[in-house]
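Below: the structure, in structure tokens.
It should be emphasised that the depicted structure is a prediction, and the values quoted were computed from it without experimental measurement. First the proteins, then the strands, lettered A, B, ... as listed; each starts at 1.
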Amino acid sequence: MSTNSTTNATHGEEHGHEHVHDLRDDYGSKLGMWLFLFTELILFGGLFLLYMAYRYQYFPEFQLSAKSLKIWMGGLNTIILLTSSLTMVLSIVALQRRKIKASIYWLITTIVFAFGFLVVKYFEWSDKFAHGIFPGGEELALKSQGEKVFYGLYFTMTGLHGLHVIIGMIILGFILVFIVKGKVSPDRFALIENGGLYWHLVDLIWIFLFPLFYLLH
Amino acid sequence: MSDSTVNTSGDYVNFYQYKGKHSGILGWLLSVDHKRIGLLYLGSMVLFFLVGMTLGFFMRLEMWNPGQDVMGPQTYNALFTLHGIIMIFLVIIPGIPAGFGNFFLPIQIGAEDVSFPRLNLFSWYLYTIGGLLAVASLFLSGGPIDTGWTFYAPYSLRTGTEVIMPLMAAFILGFSSILTGVNFVTTVHRLRAPGMTFFKMPLFIWSLYSTAWIQIIGTPIIGITILLVVVERMFGVGLFDPAMGGDPILFQHLFWIYSHPAVYIMILPAMGVVSEIIPTFARKTIFGYGAIAVSSIAIAFVGTLVWGHHMFTSGMSDESRWVYSFLTFIVALPSGVKIFNWVATMYKGSIKAETPFLYVMAFIFLFSIGGLTGLVLGSLATDVHLHDTYFVVAHFHYVMFGGTIFIFFAALHYWFPKMFGKMYNTKIANIALAIMVVGFNMLYFTFFILGYLGMPRRYYDYLPEFQGMHQFATVGSWVLIAGILLMFINLFLGLKNGKKSGNNPWGGMTLEWTVPSPPPLLNFKKIPTVKYGPYEYEHYDEVTKNVN
Ligand code: HEM
Ligand SMILES: [Cu+2]
């Protein structure tokens, strides 16, 4: 009999895995997501520490280099990301209110915004590249040590953030598919909530990067 | 009864016999059962340990005579680097939490599994991929990495050997460690059985819980540090390279901000195991349960602040040097609390000196030597003399090997009957332990003297006057290795044809001893309701009566 109860408990799973306990724990999965986001924050925290130390060490060079970045491009991207956070929330709310179509549209909008962010980033970076300012570039090689460090941090931190945008797009893309297939639904929305949390984190980190690189002169 | 299940032991099917979607090897590689994943980890770690041990063996052979014996300097550099990487990143950091933690955490809190079973399997794959990448990097064009396991910049930026791949391996291993941490914290918060309040949790759980927090908080920092070295090598960014304005000391800070707390990731779970074994064999409630539980958290907290003691000689301000030195001494307090409580528990207990208990005794002896010499290194004046000598090598082997690995072995012997339902030959187990302790001290105590006399670490050559001691240490390594091999062979024989062990051979009181050996798939027939603390032996009969 105990075998039966065991097998019963194991067959609630559709994914072809051996067993996953039936208990659905949305609160638990959110808790796990928060913990994971916390580690992401600390990951960037290490970079912020470096930024702080080097800004202290190379104050004038940092001021000088920051002026060369185009505020309006960074600003545009800030607006894009903030808006995408909003559309993300709208998508979640729509799903919870059982408006599945609307939810899908808002989610697609979010992904499009994410893509827009990358496009702006692309133009921004290629502008710098065209001027020989990139790690190993001939123009950067002539600059002072402090400027090299500034651009090193700039490319590393915005690059890593860009990578997170791409990962975010992939995650949201999966969620989109799940909504269409009905695996994420008005009664089962923990996944989209967690995806939303991730997306807000990407947004949040940019909110820190923007002033550090573009505004602090 | 379901027809596909083999039923050999009465009225239940244990998790080995359980037939899921997949059978054979796939039944293991695709299993999301925390017990199977725990065993996967244990198996892979034992393999990696044996590889690491072999590397250590060859390093010691090279030290038989001054000058070149069996290998050149470059090979020696590669060996100590690999030895360090394997032992640290593949054996003792995942060690007890990923192996025994996975197996026993859910059972000890009365849960069916961890909160995220599939994530759990995924972490094991990350671990395996990380390990394989590390091994594969040896065969790439640049040749085996020679930076030491600390990857210090700027050398790691400039050496011609293959650095990127092992660093990516370490990054992936870190990711695996984070996911295990997230999983454990969530599990402890969400899946405790009814009645199991935080202060009724076994102390092993407390230690895993504190460890998981350090994994969550510390690991991302090493992750980003490693990533920066990779980025710097690949694109020439120049954040740590002084030639380009970067600062190698900042690398060291970032590295040790993780790697010092990592020593608590290594030792806290071991202390948790000790706190399980002692009450079981003294048949007494542990003395100062609350103090032990809270001291884990205290160690985790203060321990994150003391990284600077690795950099006393690297160029720091005098203020930071004494502050770090002071904080280092503070960490000794909660550790002392634990040792005191263990000893107080044994006092007037009716002690059964079985193998796991004897391991704990060896641990207390070796770990105390390691801890006290740690204070020598934590003091500014003496550290300047002893920095990067064999004294340091001796210290960390006493702590990590004599501490964590000995308790890893203790845990193997303690939980073996629960995991496999069989018993090993206890007499041979004790003899193996005795051989190991003798060899261990021959090897590493000699290192203390060598270091004190000025033998620098990581050198493949030495002055002729050290020869006698080096040869003595090398013989010690043979004795030690003989003991380890005997231990593993004995366990292996126990696995193959050991006698049936019964469900509670030691008379333990935590929940894993109330389920059959080996446990069934979802651990419990019915999720238990917990009434008493984990070591309240006055309720022994009531708690363990359900063992079937
Ligand atoms: C099994 C027998 C072992 C032997 C014979 C052995 C021997 C050695 C030797 C000869 C060195 C080189 C010392 C130097 O020149 O600096 C070394 C380094 C080291 N060992 Fe072991 N060891 C053993 C086990 C362990 C264990 C169990 C651990 C950790 C859990 C460990 C961790 C390390 C580390 C981290 C280093 C430093 C590597 C480096 O300098 O990059 N060893 N060991
Ligand atoms: Cu330390």
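Atom CZ of Phe115(A) has 12 or fewer heavy atoms from other residues, nucleotides or ligands within 6.0 Å. With a 6.0 Å radius and a threshold of 12 heavy atoms from other residues, nucleotides or ligands, Phe122(B) has its CZ atom at or below the threshold. Surrounding CZ of Phe524(B) are more than 12 heavy atoms belonging to other residues, nucleotides or ligands, all under 6.0 Å away. The environment of Phe48(A) atom CZ is dense: over 12 non-hydrogen atoms of other residues, nucleotides or ligands sit within 6.0 angstrom. The environment of Lys121(A) atom NZ is dense: over 12 non-hydrogen atoms of other residues, nucleotides or ligands sit within 6.0 angstrom. The 12-atom threshold is exceeded at CZ of Phe198(B), counting heavy atoms of other residues, nucleotides or ligands nearer than 6.0 Å. Remark: Tyr125(B) OH is packed, more than 12 non-hydrogen atoms of other residues, nucleotides or ligands lying under 6.0 Å away.
In this structure, chain B has no heavy atom under 4.5 Å from any part of Tyr151(A). Looking at Leu41(A), there are no atoms closer than 4.5 Å to chain B (heavy atoms on both sides), in backbone or side chain. Both the backbone and the side chain of Ile216(B) come within contact range of chain A, judged by heavy atoms closer than 4.5 Å. In this structure, the portion of Tyr54(A) lying under 4.5 Å from any heavy atom of chain B is its side chain and not its backbone. For Phe175(B), the part sitting under 4.5 Å from any heavy atom of chain A is the side chain, from C-beta outward, and nothing else. Residue Phe155(A) does not touch chain B at all, counting heavy-atom pairs closer than 4.5 Å. In this structure, chain B has heavy atoms under 4.5 Å from both the backbone and the side chain of Ser29(A). For Thr39(A), the parts lying near chain B are the backbone and the side chain together; criterion is any non-hydrogen pair under 4.5 Å. Only the side chain of Leu227(B) comes within less than 4.5 Å of a heavy atom in chain A; its backbone stays farther off.
In terms of heavy-atom pairs under 4.5 Å with chain A, the best-connected choice from Pro220(B), Gly223(B), Gly181(B) is Pro220(B). Counting heavy-atom pairs closer than 4.5 Å to chain A, the top-ranked of the candidates Thr219(B), Thr186(B), Asn183(B) is Thr186(B). Chain A forms the most heavy-atom pairs under 4.5 Å with one residue out of Ile178(B), Leu119(B), Ile217(B), and that residue is Ile217(B). Among Ile221(B), Thr225(B), Leu239(B), the residue with the largest count of heavy-atom pairs under 4.5 Å with chain A is Leu239(B).
Atoms CG and CD, from Leu35(A) and Gln215(B) in turn, are 12.0 Å apart once rounded to the nearest 0.5 Å. The line from CG of Asp25(A) to CZ of Phe116(B) is 7.5 Å long, rounded to the nearest 0.5 Å.
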For Leu228(B) and Leu50(A): C-alpha separation, side-chain torsions, deciding distance, then whether side chain to side chain contact (heavy atoms under 4.5 Å, CB included) applies.
CA-CA 11 Å; Leu228(B) 285 175; Leu50(A) 271 190; 3.4 Å; yes
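Minimum heavy-atom separation, Gly236(B) to Pro135(A): O-CB, 3.8 Å. Shown here for Val149(A) and Met244(B), the closest heavy-atom pair between the two residues is CG2-O, 3.9 Å.
Using a distance-only test at 3.5 Å, with no hydrogens or angles considered, a donor-acceptor pair links the side chain of Gln145(A) to the main chain of Ala243(B).
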